[in-house]
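Worksheet: the structure to be examined is printed underneath.
Atoms considered below: every heavy atom in the structure, side chains included; atoms not considered: hydrogens, waters and symmetry mates. Per chain, numbering begins at 1; letters A, B, ... match sequence-line order.
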Amino acid sequence: MKAQSKLYFYIMLSTVLLLFLAVWSLNTGVYDFGDKSAFEVLWKVIRGDSDLSLSDKYIVWEVRASRIVMAIIIGSMLSVSGTSLQGLFRNPLATGDLIGLTAGATLMAAITIVLGGHFREYLPEVVQFSLVGIAAFTGSLLAMLLVYKISTSGGKTNVVMMLLTGVAISAIGFSITGFLIYISKDEQLRDLTFWNMGSLAAATWTKNIILAVILTVSYFILLPKGKALNAMMLGERDAQHLGINVEKLKKQIVIIVSLMVGSCVAFSGTIGFVGLIVPYILRLLFKSNYNFILPLSAILGSVLLLTADTVSRSVVEPSELPIGILTAMMGAPIFIAILLKFKKSV
Amino acid sequence: MKKFILAASVLMAVYSCQKEVQKPTENKTEVSSETPKSNNKIVTLNGGITEIVAALGHEKEIVATDVTSTYPESLKTTAENLGHVRSITIEPIMAVSPTLILGSDKDINPELMEKIKASGIKTETFKQEYTVEGTKKLIADVAKAIGNTDYQKLNDKIDADLKQIQPIAKKPKVLFIYARGNMMMVAGKNTPMAALINLAGGENAVNDFEDFKPLTPEAVVKANPDVLFFFSSGLQSSGGNEGALKMPGVSQTNAGKNKKIIAMDGGLVSGFGPRLGEAAVSLNKLLVESTK
């Protein structure tokens, strides 16, 4: 029971930190509200004040608030997906990247960016705008299905096979993407580059609602899995003896993770490092107790990505730094610092 | 305890970032109070279109541009540079509170276009064709968009300039190399460079592909150009004439053997705006000299 109240304390603490960050983020940006602060504008938007200028409203609500929410959701999902995969594979390096999900998503996105010109005009306008996103999601799902098919025989999934298949799929995905880069035009090449470095600039409330639904469904199934993942650390056979349905657990985690990674890549491009760094830090702090690190990674992932995004849109004003660069830049020093600090105890 | 130290250090880092971030915003307000009083506040997202707006006498109405809008140079001080059009986001555009956004349909990516549409700012996108007729049409279209019908003089100037082009008896084969340090691409068919080379009395050296392709030694030797053509900035970034002559395959070509290397300002070459005639005449002069 004591551990439980400790967990609630940390959850509270990190939620307060997240709220503080959201407030800071809302007030950060190149747009100038004149004598009003961003909060006053937001308050007016919420109250439906009519004397508000359309631009002010648009910036606060459609641009900044929607982007903050997207950073929170995507950061959280990337982080939880990393934590779950690492628990499942008992490997601190397992992320969506490693089992080929990101490669699949990137490949499909690249195909759409480079070859989309040939069929884009025949599609309805709503689909045209989100074509790359839809393609990325499909790519991630296809990669997952392929990995799962190859590594499963007789209803049992071989984890080593799964990781190796992931490596192979990544190799195929990136080589075809490489070919597409070779044949792409100048502006397509730039789109591909920016896509590969990730961005939350395209955030809208519609996308946030879709992401929020995916998040809710996924967390409803994933977050109570802490105990099962703790048991998995003892090895699959021992976990089985402890009454865990290992095959079902594997299936659930892999499907949900590919759903989460696919939708994240679909809306924001590839943002690396979040799924690796957050669980790693948490594991160093709380050992591998998934009862703790699974719910906490959901919040700290948001903290990391929201910080990164806010910095990304304010350091090189009026332009923007791709967020993937920042997640790596911010994550790596913390990573090293903690490694050094815990060098002796690890 | 360690956890608290970590949490505290994160908080402090966030705090210090916040202070840094606020400074530029304060500066911005001063700049925006100096912007000229006029009906339009225009954001142009294409070098050629920027030139047309400026040439029509509306330079002071341009409040922000993209990175390719390098001419007229005075814009550097009067308009905000938003960076490369493929990485521009909506907030910096809105920050200059424009009344009109002008861009080419090829430049603006779908995500930004979606945001621009949602913002409700009046936006016009134009199709840019790399021909004399296409340029004249673009000038007419842009003029219409900004409410200025007095554009004929710009088109007349293009015609007048083009008349100065001297015919070159033996058309030199010109290879355009887009160089940025180690990355090199050559211009094929349907590129602004190929179009300008043809206008200026030369012949584009590679016609078996469209757009740009990475430069390979074999392709250079096969194309065997008489002249190598660079952007001034590109030539500089790859080590000037010396550097160009050392590029793989170049020494085997006529251009390499005779050291015929020319360079022009990138904005002038690729703009296809009101200075099209000027650009063609400059290139024509360089080609005439190099064929002597």
Practice problem: Tell me, out of Asn109(B), Val85(B), Asp211(B), who's got the most heavy-atom pairs with chain A below 4.5 Å. | Solution: Asp211(B)
Quiz item: Can you check whether Lys115(B) reaches Tyr58(A) side chain to side chain, under 4.5 Å on heavy atoms?
Solution: yes
Self-check item: Listed partners of Phe292(A) passing ring pair (Phe, Tyr, Trp, His ring centres under 6.0 Å), at least two apart
Solution: Phe286(A)
Quiz item: Heavy-atom count around Leu54(A) CG within 6.0 Å, excluding the residue itself: above 12?
Solution: no
Quiz prompt | Residues forming a side-chain hydrogen bond (donor to acceptor under 3.5 Å, both in side chains) with Asp107(B), sequence neighbours excluded | solution = Asn46(B), Ser104(B)
Self-check item: Proximity breakdown for Ile90(B) and chain A, heavy-atom pairs closer than 4.5 Å
Solution: side chain
Quiz item: Quick one: of Met185(B), Lys213(B), His84(B), Lys106(B), who has the most non-hydrogen atom pairs under 4.5 Å with chain A?
Solution: His84(B)
Quiz item: Would you say Lys189(B) has more than 12 foreign heavy atoms packed within less than 6.0 Å of its NZ?
Solution: yes
Practice problem: Could you tell me the separation between the CD1 atom of Ile59(A) and the CD1 atom of Ile93(B), rounded to the nearest 0.5 Å? | Solution: 10.0 Å
Quiz prompt | Which atoms of Ala64(B) approach chain A - backbone, side chain, both or neither, heavy atom under 4.5 Å | solution = neither
Practice problem: Measure Phe209(B) against the heavy atoms of chain A and call it side chain, backbone, both or neither at under 4.5 Å. | Solution: neither
Quiz item: For the candidates Leu82(B), Leu112(B), Val96(B), which exhibits the highest count of non-hydrogen atom pairs separated by less than 4.5 Å from chain A?
Solution: Leu82(B)
Exercise. Flag yes if more than 12 heavy atoms outside Glu124(B) fall under 6.0 Å of its CD atom; otherwise flag no.
Key: yes
Quiz item: So how far is it from Met197(A) CE to Ser87(B) OG, rounded to the nearest 0.5 Å?
Solution: 8.5 Å
Quiz item: Between Glu91(B) and Thr28(A), what is the shortest heavy-atom contact and its length?
Solution: OE2-O, 4.4 Å
